[in-house]
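As the structure is a prediction and not an experimental result, all values here were calculated from the model. Numbering starts at 1 and runs along the sequence shown.
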Amino acid sequence: MSVAAIPEAGAAPDNRGLGWFGIVRLGTVQAAIGAMVMLATSLFNRVMVVEYSVAAAVPAALVAWHYGVQLTRPLWGHKSDRSRSRTPWIIGGMSILALGAVLAVDATIMMADPGIGAALLAIVSFTMIGFGVGMSGTALLALLASRVSPHRKPAAAAISWTMMIAGIVIAAGLSGAFLDPFSEQRLAIVTSIVVLVAFCLAMLALHNLEARNPPVEQAQPSQPAQSFPDALREIWHEKEARRFTYFVFISMLAYSMQDLIMEPFAGFLFEMTPGESTQLSGIQHSGILVGMLLCGVGGSLYAKRFGQNLKIWIVAGCLGSALMLAGLSFAATQGTSWPLVANVFGLGLANGVFAVAAVGAMLGLASKGRSAGEGTRMGVWGAAQAIAFGTGGLTGAVLVDQLRSFTGQDASAFQIVFTVEALLFLAAAVVATGTTLIRPSGQEKGLAV
């Protein structure tokens, strides 16, 4: 059966769920995970390519591999469902992640003189990073889903994801500031400090959090324990959960396809310098943060008054993203006369709205199963997201390269890819409209997502 934390003996039951401070504490853990992952997916990538002249395909393949390893998320989620507490799984996953990040530093430094040893260490370290993220991230989301009251879930999703991005931004800013002038010793020291501080903050945030906050409600505590294959079959046979899995994959594929092509687009067609295109990326992420906060606050206020209806926010975010991508597609033919900055900010805003609404929907759906627990469900959707992220950015970049070669025109290549992304977001909106999350309760209004 799905068993989360067991209240201490003699403790009075409290089903109000985590308070805002408790949600922020879990957000701190999410921020710590984001900070450590940033080192592998961003900093080490740049050092390998720029400082050590390694082919860009090498770090790209390692990042894709760490996403591939996260296909194990359903297994970690199922194991956390069957344990008495999810906290050990979060701590264990973060320990593996931290060790993998430290080993990845060594692998990166060894790339100065690449060989079989460097390649093997890089593969091992990124495998550990993938396992660590999958184990800790899945258990963390399952803990959030089971400990947060329904009307707070949109805001909880916004807080946790905003803090994750903040963790990435802060870690990137601080590590970048202390890495100059670059040296291998400085790289090892700075990144090790980032890992140590992130891990310690996460451990402090987790201390006694689960034990003092029993689940708001459990799916079917009287059901017998399920095997992992049986739990997967149950989830996949549920039309609602299966459809939501399709939605997660399609929407995240569209979301990630722009990652590697936005800055080249700004450089080729709008003649932006590297610094200007980097600032454009910052503007997009600012829009994402605003969208996340808008959806989190607005979704919670809406839920208190009318009952939770995250479908509105999901569809609005997907349609808004499609509209902004259509604008970028048109911008490819207009050049510098197009208000690119406003368009990119609007894209980030719509992305943030849809992303937080989708996470809020996950938190709501995770507790709806007959017997499969929150962890297994979060694992299935996390695996779908990992597959989408692992293939999305690479697919977008490859399509642009092939189309530029085939058509001989930069504008046409980017126009086609942005149009494909817009169509994927439209498809995600269509799939979302058929995903209905209704959870009637004697004390809560029906929740429709």
**Q.** Charged N-O contact under 4.0 Å between E238 and R243
**A.** no

**Q.** Spatial distance of atom CD (E51) from atom CE (M111) [nearest 0.5 Å]
**A.** 14.5 Å

(Q) Just checking W65: does its CH2 atom have more than 12 heavy atoms from other residues, nucleotides or ligands closer to it than 6.0 angstrom? (A) no

Q. Quick one: are L187 and L43 in side-chain contact, heavy atoms under 4.5 Å?
A. yes

(Q) One pair to check against side chain to side chain contact (heavy atoms under 4.5 Å, CB included): H66 and V37. What are the steps and the verdict? (A) CA-CA 10 Å; H66 114 281; V37 172; 4.2 Å; yes

**Q.** Sidechain-backbone polar pair: S329 side chain, L325 backbone, donor-acceptor under 3.5 Å
**A.** no

Q. So, do F265 and L340 sit near enough that their side-chain heavy atoms are less than 4.5 Å apart?
A. yes

Q. Are any of the side-chain nitrogens in R377 or D81 under 4.0 Å away from the carboxylate oxygens of its partner?
A. no

(Q) Between W76 and T72, is the side chain to side chain donor-acceptor pair (under 3.5 Å) condition met? List the steps. (A) CA-CA 7 Å; W76 302 128; T72 56; 3.0 Å; yes

Q) So, do F354 and C295 sit near enough that their side-chain heavy atoms are less than 4.5 Å apart? A) no

Q. If you look at every heavy atom in A32 and M94, which pair is closest and at what distance?
A. CB-CE, 3.8 Å

Q.
Tell me if a side-chain donor or acceptor on R86 pairs with a main-chain N or O of E210 at a distance below 3.5 Å.
A. no

Q: Please report the C-alpha distance between L349 and I288 in whole Å, then the side-chain angles of each, then the deciding distance to 0.1 Å, and finally whether the side chain to side chain contact (heavy atoms under 4.5 Å, CB included) criterion is met.
A: CA-CA 5 Å; L349 182 70; I288 291 174; over 6 Å; no

Q) Looking at G320 and A350, what are the two nearest heavy atoms and their distance? A) C-CB, 3.5 Å

(Q) The criterion is side chain to side chain contact (heavy atoms under 4.5 Å, CB included); which residues satisfy it with M324, sequence neighbours excluded? (A) N343, L347

Q. Step by step, would you call V69 with V133 a side chain to side chain contact (heavy atoms under 4.5 Å, CB included)?
A. CA-CA 9 Å; V69 171; V133 172; over 6 Å; no

**Q.** CZ on F418 to CG on L328, rounded to 0.5 Å
**A.** 5.0 Å

Q: Before giving the answer on side chain to side chain donor-acceptor pair (under 3.5 Å), spell out for Q30 and S160 the whole-Å C-alpha distance, their side-chain angles and the decisive distance to 0.1 Å.
A: CA-CA 6 Å; Q30 189 86 307; S160 62; 4.5 Å; no

Q.
Closer than 3.5 angstrom, by distance alone: can the side chain of K153 be matched with the main-chain N or O of L363 as a donor-acceptor pair?
A. yes

(Q) Are Y255 and F425 an aromatic pair, judged by ring center distance below 6.0 Å? (A) no

Q. What are the two closest heavy atoms between T108 and Y52, and how far apart are they?
A. O-CE1, 3.1 Å

Q. Hey, is the main chain of L204 close enough, under 3.5 Å, to the side chain of H207 for a donor-acceptor pair?
A. no

Q: Would you name the heavy atoms of S175 and V194 that are closest together and state the gap between them?
A: CB-CG2, 4.3 Å

Q. Atom CG in D230, atom NE2 in H78: separation rounded to 0.5 Å?
A. 8.5 Å

(Q) Checking Q258 against Q284 for the side chain to side chain donor-acceptor pair (under 3.5 Å) test, could you report, in this order, the C-alpha distance in whole Å, the side-chain angles of both residues, the deciding distance, and whether it holds? (A) CA-CA 11 Å; Q258 61 191 282; Q284 182 179 1; 2.5 Å; yes

Q) Without hydrogens or angle criteria, can the side chains of S412 and T407 be said to hold a donor-acceptor pair below 3.5 Å? A) no

(Q) For the backbone of V430 and the side chain of T433, can you confirm whether one donor and one acceptor N or O come within less than 3.5 Å of each other? (A) yes

Q. Where the side chain of S83 meets the backbone of S80, is there a donor-acceptor pair that is under 3.5 Å apart?
A. yes

Q | Gap separating the CG atom of L121 from the CD1 atom of I116, nearest 0.5 angstrom | A | 13.0 Å

Q.
Any non-hydrogen side-chain atom of M164 less than 4.5 Å from a side-chain atom of I33?
A. no

Q | Exercise: identify the closest heavy-atom pair between A432 and I314 | A | CB-CG2, 3.8 Å

Q. Hey, would you say the F330 and W338 ring centroids sit under 6.0 Å apart?
A. yes

**Q.** S136 (side chain) donor-acceptor with I90 (main chain) under 3.5 angstrom
**A.** no

Q) Less than 4.5 Å apart, any side-chain heavy atom of F247 and any of C318? A) yes

Q: Give a yes or no on whether the ring-centroid distance for F249 and Y246 is below 6.0 angstrom.
A: no

Q) Within a radius of less than 6.0 Å around CZ of F182, do more than 12 heavy atoms belonging to other residues, nucleotides or ligands occur? A) yes

Q: Flag the pair M378 / M362 as yes when at least one side-chain heavy-atom distance between them is below 4.5 Å, and no otherwise.
A: yes

Q: Specify the closest pair of heavy atoms between F44 and A104, including all atoms of both residues, with the distance to one decimal.
A: CE1-CB, 3.6 Å

(Q) If I take atom CD1 from residue I189 and atom CD from residue E184, how far apart are they, to the nearest 0.5 angstrom? (A) 12.0 Å

(Q) Between E374 and S146 (side chain of the first, backbone of the second, donor and acceptor by atom type, cut-off under 3.5 Å), is there such a pair? (A) no

Q.
I'd like to know if the side chain of R242 and the backbone of W236 have a donor-acceptor N/O pair within less than 3.5 Å.
A. yes

Q: Fit a plane to each ring of F414 and F268, take the angle between them on a 0 to 90° scale, and name the class: parallel (under 30°), tilted (30 to 60°) or perpendicular (over 60°).
A: tilted

(Q) Quick one: does any side-chain atom of S405 pair with a main-chain N or O of D401 as donor and acceptor, under 3.5 Å? (A) no

Q. Hey, do the aromatic rings of W89 and F131 have their centres closer than 6.0 Å?
A. no

Q: Determine whether L209 and T87 make a side-chain contact, defined as any pair of heavy atoms from C-beta on separated by less than 4.5 Å.
A: no

Q: Assess whether side chain to side chain contact (heavy atoms under 4.5 Å, CB included) is satisfied between L201 and V29, documenting all intermediate values.
A: CA-CA 7 Å; L201 283 176; V29 181; over 6 Å; no

Q. L403: what forms a side chain to side chain contact (heavy atoms under 4.5 Å, CB included) with it, not counting sequence neighbours?
A. A413, I416, V417

Listing, residues 388-397 side-chain donor-acceptor contacts under 3.5 Å, not counting sequence neighbours, or none:
{"from": "T391", "atom 1": "OG1", "to": "I387", "atom 2": "O", "distance (Å)": "2.9"}
{"from": "T391", "atom 1": "OG1", "to": "A388", "atom 2": "O", "distance (Å)": "3.4"}
{"from": "T395", "atom 1": "OG1", "to": "T391", "atom 2": "O", "distance (Å)": "2.5"}

Q. How long is the gap from CE on M36 to CG on L97, to the nearest 0.5 Å?
A. 4.0 Å

Q: Assess whether ring-ring contact (aromatic ring centres under 6.0 Å, His included) is satisfied between W381 and F244, documenting all intermediate values.
A: CA-CA 8 Å; W381 299 322; F244 192 73; 5.2 Å; yes

Q. Heavy atoms, side chains only, cut-off 4.5 Å: are L232 and P74 in contact?
A. yes

